Amino acid sequence: MSDLIHYRLDDGLALIGLDRAPVNALDQSMRAAISEACERAACDPRVQAIVLHGERGLFSAGADIREFGTDASFAEPDLPSTLVRLAEIHKPVVAAIGRLALGGGLELALACGYRIGEPGTRLGLAEISLGLLPGAGGTQRLPRLIGVESALNMILSGEQVDAQTARLLGILDRIAPSAEQLLEEAKAYAYELIGCCAPARPAEAWPEPAEGLPDDFLAHYRAEHEPRWKSRLAPRLVLSAMEAACLLPLEEGLAREMALFKRAEASRQSKALRHVFFAEREAARIPGIGEDIRLRRIAKVAIIGAGTMGGGIAMNFANAGIPVALLEREGEALERGLTQIRKNYEASLKRGKLTAEQMQQRMELLFGTLDYADLADADLVIEAVFEKMEIKQQVFRMLDKVCKPGAILASNTSSLDVDAIAAVVSRPQDVIGLHFFSPANVMRLLEVVRGQATAPDVLATTMAIARRIGKLPVISGVCFGFIGNRMLEPYAREAHRLVLEGATPAQVDAVLTGLDLNMGVFSMLDLAGIDVNFLIRSSNRAASAHDESYCRLGDELYAMGRYGQKSGRGFYLYQGRSRQEDDEVMALAERLAGELDVTRRAIGEQEIHDRCLFMLINEGIQLLDEGIALRASDIDLVWINGYGFPAHLGGPMHYAEHLGLDKILSGIQHYRRALGEYGEMWFRPAPLLERLVAAGRSRIERLPAQSAGANLKFLERVR
Ligand code: NAI
């Protein structure tokens with residue numbers, strides 16, 4: 001018997017304990033062990049019922065994700081047939097579900113005739129987040145247990161349900177009073193089943209999974225939800241599997257599910273989403289810093305500036321139960337900030353996302369002040385005042401005076417030099433950049449900007465606290481715009497320039513949203529504010545000193561007071577939420593093109609795609625070469641979580657690998673030649689891209705330069 005399973009005979013019961021740390025992943029060896037144990041119990045005449053449980057409490061978090069897309073995924077015994085065989089056993093099988101049954105783990109439980117959980121149990125089928133569908137009976141057995149509508153919601157959302165909800169839905173038959181009593185209760189349940197000669201499987205709760213629903217329920221569901229799915233394949237495959245569950249007998253439905261699963265598994269989208277899954281885990285690793293590093297204790301936090309960002313940042317900590325002091329320069333601003341926070345919570349309360357009690361608790365954790373002396377006991381201070389170096393440095397000088405030794409001093413600057421901020425304090429090792437994204441209480445991304453002097457334990461502590469408040473932290477080095485905004489620059493530059501050359505903002509945006517980005521460049525600028533963008537650009541004019549052509553459009557819109565959505569006019573005209581193209585913008589583009597001697601012409605979709613995306617990718621590759629980004633996959637996470645790049649394309653770097661690095665290089669070289677002086681100026685391939693192509697590499701990774709000066713030409717421009 002395998003050491004992955006503890007098999008015990010206990011007075012008529014076979015207790016099969018899954019024991020593969022940390023989460024009982026159902027890889028090939030585990031599947032084999034479960035099969036063998038179940039066969040043994042099925043054949044043993046002394047066994048009257050079987051209890052499947054997690055030897056250390058936790059039941060199973062599902063498949064081993066590393067197996068997907070490889071031969072191991074369906075290596076014998078595969079999960080679907082293991083579960084078919086399990087469901088055929090002529091003895092009652094009880095799943096005792098401690099803590100988690102996710103994905104394949106829940107499918108394992110669904111193949112058992114009876115299920116008992118404990119109060120902390122959570123169940124879910126999260127395959128959709130990997131571009132997959134449940135492939136071991138989940139799409140067929142769940143609708144027969146809880147009806148097609150509930151099953152569809154659970155599978156398409158990928159969300160976990162708690163024990164109580166699972167009991168109400170009918171997934172769990174019982175809930176043990178505590179996790180500690182789960183196994184004993186499961187055994188008692190099994191004896192009861194034996195006592196009343198219960199069948200190996202009870203009759204299906206929903207033999208007709210669509211019973212009570214209109215005939216066109218699934219068609220309606222598809223029509224309603226499809227626009228949000230954009231080009232995602234997996235939700236559509238889930239729906240097909242559900243159709244099968246409603247129309248076909250179980251055996252045929254399972255065969256259909258398997259075919260659909262294999263299609264999803266082989267898809268580019270699933271490969272990309274699996275890349276994202278591993279990228280998130282990888283991003284937590286900090287080269288050179290081991291897990292044994294001593295973290296600083298963060299029990300109290302302070303935020304300077306209760307504006308848009310400060311308020312949102314404060315909410316993150318209050319949500320995590322950490323007290324926050326919010327400091328402003330004047331009472332009115334403080335009051336405004338606190339009122340806005342209350343309003344945000346009230347909105348969540350109205351949407352049922354928060355209880356009144358939770359809101360009260362969170363508000364009580366927030367403490368407003370105008371006095372720096374109140375920050376003396378803060379363990380972490382995050383500055384979020386106006387984006388001006390002099391003001392930030394002034395704030396940091398104050399912090400240096402009042403904060404206790406060892407306090408971490410962070411700046412939420414979106415573009416300023418963190419090292420220049422650190423230079424004004426006596427403890428630069430304690431200074432770090434924490435670049436939140438707006439709205440800060442919602443957006444998951446956090447760029448953690450490591451300064452020259454930032455101490456390893458400061459970096460490790462901020463990474464840990466970021467995760468504690470539910471963020472996805474990605475490390476960036478110091479440069480203008482860090483990872484995300486620096487890449488935004490060439491991407492937006494091309495978009496502007498294309499409009500000067502003859503494209504319309506809507507045409508450019510349509511190509512980008514056609515790729516499934518959340519928003520096109522121009523809608524995004526209108527939302528963020530053309531005024532905000534103007535100010536950022538103004539603080540970094542040196543970077544574009546030799547060619548401002550592409551900035552003229554934004555500058556002129558700014559001068560016209562067209563600030564974007566907030567003023568009802570920007571690149572588009574707004575009426576409420578709807579937007580339309582504006583002839584005035586087109587006329588402006590035409591006039592500027594004349595002044596700048598830019599020839600206007602009809603521009604095709606491919607050109608828009610290639611120029612915007614290739615320049616974005618090129619900058620990302622350069623960031624990797626410079627060491628600003630630690631890994632290509634970190635760049636993907638930044639653009640997926642901060643800029644609406646579709647996760648099912650895997651992020652810009654993964655997408656580049658899919659397109660082919662040689663194709664990107666030759667595209668850049670093509671536009672360098674085709675676009676005259678402008679092309680010469682901006683279409684410079686990143687040296688690392690050239691090296692990768694020369695070396696025949698298909699993956700984006702660091703490759704040492706032949707000569708130290710190889711990057712200089714490129715750096716001249718970006719610094
Ligand atoms: P904001 O103008 O909404 O808020 C700034 C707040 O700081 C104001 O309430 C102001 O009264 C206060 N303040 C100014 N000087 C102060 C001082 N000396 N002491 C205490 N309070 C002071 O600005 P916002 O948008 O919240 O931006 C703050 C920082 O966050 C900036 O560095 C900005 O670049 C950065 N950021 C902004 C993002 C955005 O989308 N708005 C995104 C990411 C970063």
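Owing to the predicted nature of the structure, the values given are computational and were not obtained by experimental measurement. Position 1 is the first residue of the sequence, and the numbers go up from there.
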Once you round to the nearest 0.5 Å, how far does CG of L688 lie from CD1 of I621?
-> 6.5 Å
Euclidean distance, D582 CG relative to M586 CE, rounded to 0.5 Å = 7.0 Å
Residue pairs meeting ring-ring contact (aromatic ring centres under 6.0 Å, His included), one or both in residues 589-635, sequence neighbours left out, come to H609-Y655
With a distance cut-off below 6.0 Å to the six-membered ring centre and an angular limit of 45° from the axis, does R486 pair with F480 as a cation-pi contact?
-> no
Over-ring placement of R579 relative to Y572, 6.0 Å and 45° cut-offs = yes
Hey, is [X] close enough to [Y] for a salt bridge, meaning N to O under 4.0 Å?
X    : Y    : result
E226 : R236 : yes
E584 : R569 : yes
R336 : E328 : no
R552 : D555 : no
E489 : R493 : no

Please test Y671 against W682 for ring pair (Phe, Tyr, Trp, His ring centres under 6.0 Å), starting from the C-alpha separation and ending with a verdict.
-> CA-CA 9 Å; Y671 286 112; W682 296 113; over 10 Å; no
Check whether the side chains of R263 and S267 place a donor and an acceptor atom closer than 3.5 Å, and report yes or no.
-> no
Side chain to side chain donor-acceptor pair (under 3.5 Å): which pairs involve residues 597-606, sequence neighbours left out?
-> E501-R601, R601-E607, Q606-D610
Would you call the rings of Y563 and Y558 parallel, tilted or perpendicular if under 30° counts as parallel and over 60° as perpendicular?
-> parallel
Using the side chain to side chain contact (heavy atoms under 4.5 Å, CB included) rule, pick out the option among L637, D636, L649, N641 that qualifies with V276.
-> L637
Provide the closest heavy-atom pair for I313 versus A384 in the form atom of the first, atom of the second, distance.
-> CD1-CB, 4.4 Å
So H648 and L233, side chain to side chain contact (heavy atoms under 4.5 Å, CB included) or not? Walk me through it.
-> CA-CA 9 Å; H648 57 265; L233 175 67; over 6 Å; no
Would you please test F277 and H275 for ring pair (Phe, Tyr, Trp, His ring centres under 6.0 Å) and show each step?
-> CA-CA 5 Å; F277 176 89; H275 158 75; over 10 Å; no
